[in-house]
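To start, the structure under review is shown below, and the notes come after it.
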Amino acid sequence: MMLTALGLMSGTSLDGVDVALIETDGKQVKAFGPTGYRAYSPAERNLLRQALSEAVHLSQRDARPGILADAERAVTRAHAEAVTAFLAQNRMRPEDIDIVGFHGQTVLHRPEKRLTVQIGDGRALARAIHIPVMYDFRAADVEAGGQGAPFVPVYHRALVQSLQREGPIVVVNIGGVSNVTYIDGNEALIACDTGPGNALLDDFMYRTMNQAFDAEGKFAALGKVDEAWIARALELPFFAAPPPKSLDRNDFAALKLGDVAPADGAATLTAFTAAAISRIISLLPRRPRSWIVCGGGARNLTMLRMLRERVGSATVEAAETLGWASDAIEAQAFGFLAARGLKGLPLSYPATTGVPMPMTGGVMARP
Ligand SMILES: Nc1ncnc2c1ncn2[C@@H]1O[C@H](COP(=O)(O)OP(=O)(O)OP(=O)(O)O)[C@@H](O)[C@H]1O
Ligand SMILES: CC(=O)N[C@H]1[C@@H]2OC[C@@H](O2)[C@@H](O)[C@@H]1O[C@H](C)C(=O)O
C-alpha cells in the first residue's frame, strides 16, 4: 500500500527544520512531493547550542533537566509550525497525510553507552498537527547494541535503484557530520559516519569571520592546506576503525588548528572533511567508482574539488545534478523510514549500525 509520508529533519547543523513529502510503500519511492523549510531564529539556535552543552551530562534518553525541557518545547513548536506552514503553502489538509516521520534534534550521541538523545515530543506534535507521528527512530537500535546511526542508508539505496552509474556507488552526506552509504549490486548495505562534515568549519568560520558558513567554499579556496595537520588528525583511532561507527557532532571539537590565517584554517578544515571521507575507501570491500554527494557540503565547491582530488579516477557528482533534492534528502528519508516502521520493515542492519539483526523501530503517536 502506498503511503503519503511527510518527513521532518532537524540536523546537527542546528539551522532549521527540513520538510519533505513523498509517496512510498517503504520500499520504493513512487513520487517526490513538495519540500519546505523553517529556519530556527537566532534565539532558538542559541537555546539548542545550550541544550547540546547541557546534554553532555545526560545518562538517560528521556531525562530533560534544566534547559533541555525548554529546548524540547521549542523544537516541537518549530516542527508544528513547519508542518502547518507546509500544509497551507501546498493547500493540503492533515487528512491528506498518512504519517509524519519526526527525527527530532540530536543533542547527544554516545553509542558506546547505548545512549542517543533526540529531543522533540512526538505526542505533542501529533496533537498539534492532527496527523499520526512516528518518532524516536534511533532508540530501538541503540538499545539492541547498534550505533543508532546512520539511518539514511536504506533511503540512499532506494534512491540509487533507479540510477545508471558504475558501481560500487557511495552516497556521501556532508551535514554537520559526514556519513557514507556503500552500495554494491545486491550485496548488503555498508554504512557509517566518516568524520567531520561542516560542523568544524562552520564553528571556525563563526569564530574567525563571524559568518555561519563558508558560502560555496570561496573562502577556503583562498587558503593553503596544512597537510601535516590533517595527517596527524587522521591518526585518531576513529578513522582506522572499520564500519559500522558513528559520531557525536562535537566529537572533534577538541582538535585545534593553532595560530593560522583564517583562510588557511578554512582550507585545512575543508580538506580534513574530504580526507576523512576518502579515508573510508581502504575500509570498504571494493574501491567505489561513483561518489554522489548530498547535504549542505555539496554546495561547497572547494570541498567537492578536494574530494575529487582524493578519490582517484572515480566520479564525484553533487546529488542535485542527478535531480535529487539535496537539501531535502534527510527529511525525505525520515518520511520513508516512518513508512517502513509502520510496516515493520527494517530501518537498520548489522552492516549499517552494527545492530545484531535487521531491526525495525520508531514509536507511534496518534493525535
Ligand atoms: N551555499 C553553501 N556553501 C557552502 N556550504 C554550505 C552552503 N549551504 C549550506 N552549506 C553547509 O551545509 C551545512 C548544512 O548542511 P545540512 O543541512 O546537510 O546539515 P544537517 O542536515 O543539519 O546535518 P546532519 O546531516 O549532520 O544532520 C551548513 O551549516 C553549511 O556548512
Ligand atoms: C545521532 C545523529 O543524529 N547522527 C546524525 C549526524 O548527522 C550526520 C550523521 O551524524 C548521521 O549519523 C546522522 O544523521 C543522518 C540523518 C542518519 O542517521 O543517517
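Counting starts at 1 for both ligands and their atoms, in listed order. Keep in mind that the numbers below use all heavy atoms, side chains included, and drop hydrogens, waters and symmetry copies.
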- Without swapping roles, check the side chain of Arg310 against the backbone of Ala274 for a donor-acceptor pair under 3.5 Å.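 No, because the side chain of Arg310 does not come within donor-acceptor range (under 3.5 Å) of the backbone of Ala274.
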
For [atom], the protein heavy atom that lies nearest, with its residue and separation:
atom: atom 23 (O) of ligand 1; result: Gly176 N, 3.1 Å
atom: atom 13 (C) of ligand 1; result: Asn198 ND2, 3.6 Å
atom: atom 17 (C) of ligand 2; result: Phe151 N, 3.2 Å
atom: atom 10 (N) of ligand 1; result: Gly296 O, 3.4 Å
atom: atom 27 (O) of ligand 1; result: Thr12 N, 2.9 Å
atom: atom 8 (N) of ligand 1; result: Arg299 CD, 3.4 Å
atom: atom 14 (O) of ligand 2; result: Arg138 NH2, 3.4 Å
atom: atom 17 (O) of ligand 1; result: Asp15 OD2, 3.9 Å
atom: atom 5 (N) of ligand 1; result: Phe213 CD1, 3.7 Å

Check: Among the heavy atoms of Gln147, does any lie under 4.0 Å from an atom of ligand 2?
Finding: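 Not so, Gln147 does not reach ligand 2.
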
Taking [X] first and then [Y], would you say they form a salt bridge - that is, a charged N and a carboxylate O separated by under 4.0 Å?
X: Asp251; Y: Arg110; value: yes
X: Arg286; Y: Asp184; value: yes
X: Asp327; Y: Arg299; value: yes

Just let me know how [X] lines up against ligand 1, side chain, backbone, both or neither, with a heavy-atom cut-off below 4.0 Å.
X: Asp214; answer: backbone
X: Asp202; answer: side chain
X: Arg249; answer: neither

*asked:* Yes or no: does Ala215 have any heavy atom under 4.0 Å from an atom of ligand 1?
replied: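 For ligand 1, residue contact (heavy atoms, under 4.0 Å) with Ala215 is present.
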
(message) Checking Asp193 against Ser246: is there a side-chain donor and acceptor pair closer than 3.5 Å?
(response)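 Absent: no donor and acceptor within the cut-off.
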
So, Ser10 versus His79: side-chain donor-acceptor pair below 3.5 Å or not?
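No, because no side-chain N or O of Ser10 sits under 3.5 Å from a partner of the opposite role on His79.
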
Select one of side chain, backbone, both or neither to describe which atoms of [X] lie under 4.0 Å from any atom of ligand 2, heavy atoms only.
X: Val177; value: both
X: Arg249; value: neither
X: Asn179; value: side chain

Looking at Gly297, which atoms of ligand 1 are within less than 4.0 Å of one of its heavy atoms?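 Close to Gly297: 12 (O).
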
- Which atoms from ligand 1 have a heavy atom of Val177 less than 4.0 Å away?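 The atoms of ligand 1 under 4.0 Å from a heavy atom of Val177 are 26 (O).
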
Suppose I only count heavy atoms of [X] and a 4.0 Å limit; which atoms of ligand 2 are within that range?
X: Thr106; value: 1 (C), 2 (C), 3 (O)
X: Asp193; value: 9 (C), 10 (O), 11 (C), 12 (O)
X: Ala149; value: 12 (O)
X: Thr12; value: 6 (C), 7 (O)

Identify which one of Tyr155, Phe336, Phe334 satisfies the ring-ring contact (aromatic ring centres under 6.0 Å, His included) criterion when paired with Phe137.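 For Phe137, the ring-ring contact (aromatic ring centres under 6.0 Å, His included) test succeeds with only one of Tyr155, Phe336, Phe334, which is Phe334.
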
ask   = ligand 1 and Asp18, any nitrogen or oxygen pair closer than 3.5 angstrom?
value =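 N/O-N/O distance under 3.5 Å: no.
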
Practice problem: Quick one: pull up CZ in Arg305 and CG in Asn300 and give me the separation to the nearest 0.5 Å. | Solution: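 The CG atom of Asn300 is 9.5 Å from CZ of Arg305, to the nearest 0.5 Å.
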
Between Trp324 and Phe32, does the ring centre distance come in under 6.0 Å?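 Between Phe32 and Trp324, which both carry aromatic rings, the centre distance is not below 6.0 Å.
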
For atom 14 (C) of ligand 1, state which one of Gly16, Gly11, Ser13 supplies the nearest heavy atom.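 That would be Ser13.
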
Exercise. Would you indicate which of Glu216, Met205, Glu330 comes nearest to atom 1 (N) of ligand 1 when only heavy atoms are counted?
Key: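 Checking each option, the heavy atom nearest atom 1 (N) of ligand 1 is found in Glu216.
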
